[in-house]
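Please read the structure below before turning to the comments.
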Number of protein chains: 2
Amino acid sequence: MPKRVDHAQRRVHVIDALVRVAAAEGLHAVTLRAVAAEAGMSLNLVQYYFQTKAHLLHAALERLEQQSHARWSARLGGLPLPVTAHAFIEAFLTEALPTDEASRAFHLVWTSYAVLAMTDPDLAAQPFAAGPDRLEGQLAAVLRQAQREGALDRQRNAANEAAHLLSLSHGLGTSVLVGQRTADSAMEILRAHLERLFPVPAPSPESAVGQAH
Amino acid sequence: MPKRVDHAQRRVHVIDALVRVAAAEGLHAVTLRAVAAEAGMSLNLVQYYFQTKAHLLHAALERLEQQSHARWSARLGGLPLPVTAHAFIEAFLTEALPTDEASRAFHLVWTSYAVLAMTDPDLAAQPFAAGPDRLEGQLAAVLRQAQREGALDRQRNAANEAAHLLSLSHGLGTSVLVGQRTADSAMEILRAHLERLFPVPAPSPESAVGQAH
DNA sequence: TTTTTCATCGTACAGCGGTACTATGAAAAT
DNA sequence: ATTTTCATAGTACCGCTGTACGATGAAAAA
């Protein structure tokens with residue numbers, strides 16, 4: 001065998017180029033030639049690593065999901081260690097909002113895929129329900145844990161509250177992306193909701209950890 | 001002058017065909033030929049009434065907005081007359097969810113336009129911020145009125161609560177459209193939120209009006 | 001009756017997008 | 001040294017899409 005290139009690496013290179021194009025000009029502007037140009041390679045190469053455009057789009061969607069997973073892990077791993085459910089979920093949802101440029105690109109492309117999934121039957125629908133479903137499950141688990149610890153009212157339906165939070169953050173994210181609202185304003189709304197969800201306990205001066213302003 | 005056709009009528013006919021195509025196969029499948037076929041006329045006619053595709057898309061967006069306006073008016077006009085803020089807003093948001101097929105089509109196409117607006121600078125962006133902004137204003141006004149009447153806690157920020165409600169309903173609508181959740185489940189979450197927003201007053205047996213099941 | 005105006009049609013053209021086919025250099029395997 | 005294998009390149013083809021350009025019938029206007 002000759003030059004032996006790492007296929008996986010090339011593929012992520014191409015996918016990243018795709019995401020850049022999609023974030024800048026929209027998913028409808030994602031053409032094999034545009035992706036190839038953005039990736040600095042020829043059209044044939046893109047075809048070589050992804051036989052068809054559908055494969056490329058599918059792979060990109062998968063990578064987006066695992067990328068979001070990685071970002072969340074990093075974010076949540078960096079939290080001060082006595083993690084309250086409040087802090088955990090706030091970090092969770094902050095990461096879901098399009099605050100910086102990278103996050104904006106991610107959110108935009110993800111939403112574009114979501115719209116595709118509404119009509120395209122198989123290609124995008126299957127991996128699309130999986131991601132948010134898993135997220136919702138994780139969130140619900142955290143909420144149930146919070147209920148056990150007394151941080152969250154047991155009257156609430158954890159699954160529904162999780163769905164509520166995710167839908168809210170998604171909707172806020174969209175409104176930020178269309179320029180209707182700033183990311184800060186969206187954060188304010190999210191935080192207000194969280195503060196009602198997790199009412200402040202009696203202030204004990206010994207804990208100086210989760211003191212957000 | 002010969003046959004003298006009502007242009008406005010023809011235009012809405014074409015636009016309705018566009019919406020049908022977009023709802024069934026996605027906005028990316030909206031081609032002049034497809035719209036013409038769906039409308040039962042020839043390609044030239046569509047060109048005749050809308051000089052360019054951009055004009056057609058723009059006109060369709062405008063119509064979508066005024067259509068939603070009309071639907072809301074009809075819905076809210078049909079409410080039992082001592083309208084509580086709770087009932088008003090519940091109707092408002094129910095109408096925003098993709099419950100029946102018409103509503104689903106509307107929501108899908110609207111979201112498709114939203115995604116377009118995230119990258120296309122002028123064409124869709126301007127009329128797109130206007131619609132939701134106005135809605136948010138109306139909702140906030142209703143909420144403030146409810147605060148004056150004592151139905152809503154004055155601690156709340158009416159503008160933020162309005163944004164919260166709209167973002168939530170949008171997010172829930174999207175999750176319904178991608179098949180992650182049923183419309184009923186979305187309604188349940190919405191209703192739960194509204195019941196926390198408008199805590200039930202002392203039950204007075206003389207009012208038998210807003211008695212949802 | 002002739003002419004103008006309007007709605008409608010057929011068709012063509014240029015560009016672009018996905019896909020396929022073939023070639024080529026180079027490194028490993030034989 | 002020859003052969004095989006792999007990464008890369010060029011290019012061509014076909015279909016689709018937006019747009020433009022004429023043609024036609026018919027009804028109103030002259």
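Protein chains get the first letters and strands the later ones, always in sequence-line order, with residue 1 at the start of each.
The B:Lys53 side chain lies nearest to D:dG18 when the options are C:dG10, D:dG18, C:dT19. Considering only side-chain atoms of A:Asn44, the nucleotide from C:dT19, D:dT11, D:dT19 that sits closest is D:dT11. Of the candidate nucleotides C:dA7, D:dA7, D:dT19, C:dA7 has the atom lying nearest to any side-chain atom of B:Val5.
Per the geometry, CG belonging to A:Leu43 stands 14 Å off P belonging to D:dA12, to the nearest Å. Rounded to whole Å, the distance from CG on A:Leu45 to P on C:dG25 is 17 Å. To the nearest angstrom, P of C:dA7 lies 4 Å from OH of B:Tyr48. Between B:His55 atom NE2 and D:dG18 atom C1' the separation is 14 Å, expressed in whole Å. The separation between B:Leu18 atom CG and D:dG18 atom P is 11 Å, rounded to whole Å. Atom-to-atom, OH of B:Tyr49 to P of D:dT19 comes out at 18 Å; the value is rounded to the nearest Å. The distance between atom CZ of A:Arg33 and atom P of D:dA9, rounded to the nearest whole Å, is 15 Å. The separation between B:Asp6 atom CG and C:dA7 atom C1' is 14 Å, rounded to whole Å.
Using modelled atom types, one finds no donor on one side chain facing an acceptor on the other under 3.5 Å when comparing A:Gln147 with A:Arg144.
Distances shown here put every side-chain N or O of B:Arg10 at or beyond 4.0 Å from the OP1 or OP2 atom of C:dA7. For the pair B:Ser42 and C:dT8, the criterion of a side-chain N or O lying under 4.0 Å from OP1 or OP2 is not met. Close to D:dG18, at under 4.0 Å from its OP1 or OP2, lies no side-chain N or O of B:Thr52. For B:Thr31, no side-chain nitrogen or oxygen approaches OP1 or OP2 of D:dC16 to under 4.0 Å. Close to D:dC6, at under 4.0 Å from its OP1 or OP2, lies no side-chain N or O of A:His7.
Base engagement by A:Gln47 is indicated by at least one non-hydrogen atom pair under 4.0 Å involving a base atom. No engagement by B:His28 is indicated, since no non-hydrogen atom pair under 4.0 Å with the nucleic acid exists. Contact annotation for A:Phe50: no contact, since no heavy-atom pair falls under 4.0 Å across all strands.
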List the steps and the verdict of side-chain contact (heavy atoms from CB on, under 4.5 Å) for A:Glu25 and B:Thr119.
-> CA-CA 5 Å; A:Glu25 310 179 45; B:Thr119 52; 5.6 Å; no

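A cation-pi arrangement, defined by a distance under 6.0 Å to the six-membered ring centre and an angle within 45 degrees of its axis, is present between A:Arg71 and A:Phe106.
Panel note: side chain B:Ser103, backbone B:Asp100; no donor-acceptor pair is recorded below 3.5 Å.
Partner of B:Val46 under the side-chain contact (heavy atoms from CB on, under 4.5 Å) criterion, chosen from B:Arg11, B:Arg10, B:Arg33, B:Met41: B:Met41.
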